[in-house]
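As the structure is a prediction and not an experimental result, all values here were calculated from the model. Below, each value reflects all heavy atoms present in this structure, side chains not excepted, and no hydrogens, waters or symmetry copies. Position 1 is the first residue of the sequence; numbering continues from there.
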Amino acid sequence: QVYLVESGGGLAQAGGSLSLSCAASGLTFTSYSMAWFRQAPGKEREFVSSIRGGSTYYADSVKGRFTISRNYAKNTVGLQLNTLKPEDTAVYYCAARDGLPTRYDVKDYAYWGQGTQVTVSS
């Protein structure tokens with residue numbers, strides 16, 4: 001059974017920072033691409049960032065502000081959110097896929113966490 005458990009998130013002011021983490025179990029961590037998606041109220045879930053090996057990918061809306069990282073010793077993937085904007089407010093989801101990280105659609109990821117709320121006030 002694959003489990004992805006997110007932590008972190010919370011409330012921040014515009015211009016501030018938050019850090020998210022996702023702990024993975026039940027899968028061969030080194031073989032999977034890991035990603036973060038987000039879903040704002042009334043909107044579809046959208047790609048934020050993905051990582052596999054030394055390759056990272058970002059949505060244009062977060063490029064230069066968010067940083068994805070991976071800890072193979074702890075089987076975790078992190079997302080550092082800097083220079084936050086109110087439009088970053090969403091539930092952030094960790095996801096995993098057995099394949100390349102260059103897939104940005106929800107349907108391409110087989111495993112999902114329960115999500116963690118990020119709220120940015122103006």
Side-chain angles (χ1 to χ4, degrees):
Q1 188 80 4
V2 175
Y3 291 98
L4 302 176
V5 181
E6 300 99 336
S7 60
L11 177 64
Q13 291 187 333
S17 299
L18 287 171
S19 180
L20 308 182
S21 183
C22 171
S25 62
L27 51 75
T28 305
F29 191 63
T30 54
S31 299
Y32 278 73
S33 295
M34 302 298 296
W36 288 94
F37 285 73
R38 66 186 182 185
Q39 187 167 17
K43 295 188 177 181
E44 294 186 350
R45 195 170 298 187
E46 64 176 6
F47 172 80
V48 174
S49 182
S50 61
I51 185 170
R52 180 168 180 170
S55 299
T56 58
Y57 304 86
Y58 296 94
D60 287 342
S61 59
V62 306
K63 201 171 294 183
R65 301 188 298 120
F66 291 7
T67 303
I68 192 170
S69 61
R70 193 160 176 169
N71 186 321
Y72 289 95
K74 297 182 178 181
N75 279 14
T76 60
V77 58
L79 187 68
Q80 180 65 36
L81 293 66
N82 295 330
T83 319
L84 283 163
K85 303 176 181 180
E87 52 263 43
D88 294 321
T89 295
V91 177
Y92 283 70
Y93 296 90
C94 177
R97 73 182 305 268
D98 183 10
L100 295 175
T102 50
R103 290 290 187 269
Y104 312 129
D105 200 287
V106 169
K107 63 177 176 58
D108 294 316
Y109 288 79
Y111 303 107
W112 293 85
Q114 81 287 352
T116 186
Q117 178 71 45
V118 169
T119 303
V120 184
S121 62
S122 57

Locate the shortest heavy-atom distance separating [X] from [Y]; write the atom from each residue and the value.
X: Tyr58; Y: Thr67; result: OH-CA, 3.4 Å
X: Asn71; Y: Phe29; result: O-CE2, 3.8 Å
X: Tyr57; Y: Ser49; result: O-OG, 2.8 Å
X: Thr89; Y: Ala40; result: O-CB, 3.6 Å
X: Ser122; Y: Ala14; result: CA-CB, 4.3 Å
X: Ser33; Y: Pro101; result: OG-N, 3.1 Å

ILVMFWY cluster, [X] and [Y] together (side-chain gap under 4.5 Å):
X: Trp112; Y: Leu79; result: no
X: Leu4; Y: Tyr104; result: no
X: Val2; Y: Val77; result: yes
X: Ile68; Y: Leu27; result: yes

*asked:* Tell me whether the count of non-hydrogen atoms from other residues, nucleotides or ligands lying under 6.0 Å of CD in Gln117 goes above 12.
replied: yes

_Neighbour count >12 (heavy atoms, 6.0 Å) for atom NZ, Lys63_ = yes

_Heavy-atom donor-acceptor pair, Glu6 side chain to Gln114 backbone, under 3.5 Å_ = yes

_Check whether Ser50 reaches the backbone of Met34 with its side chain - one donor and one acceptor, N or O, closer than 3.5 Å._
no

*Can you label the angle between the Phe37 ring and the Phe47 ring as parallel, tilted or perpendicular, going by 30° and 60°?*
perpendicular

*Among residues two or more places apart or on two chains, list those pairs meeting salt bridge (charged side-chain N to carboxylate O under 4.0 Å, His left out) that have a residue in residues 64-81.*
Arg65-Asp88

*Quick one: do the Arg97 and Tyr109 side chains pair a donor with an acceptor below 3.5 Å?*
no

Kindly indicate whether the side chain of [X], heavy atoms from C-beta on, has any atom under 4.5 Å from the side chain of [Y].
X: Tyr93; Y: Gln39; result: yes
X: Leu84; Y: Phe66; result: yes
X: Leu20; Y: Val118; result: yes

*What is the distance from atom CD of Glu87 to atom CZ of Arg38, rounded to the nearest 0.5 Å?*
8.0 Å

*Let me see the working for Trp36 and Cys94 under side chain to side chain contact (heavy atoms under 4.5 Å, CB included), right down to the final yes or no.*
CA-CA 5 Å; Trp36 288 94; Cys94 177; 4.1 Å; yes

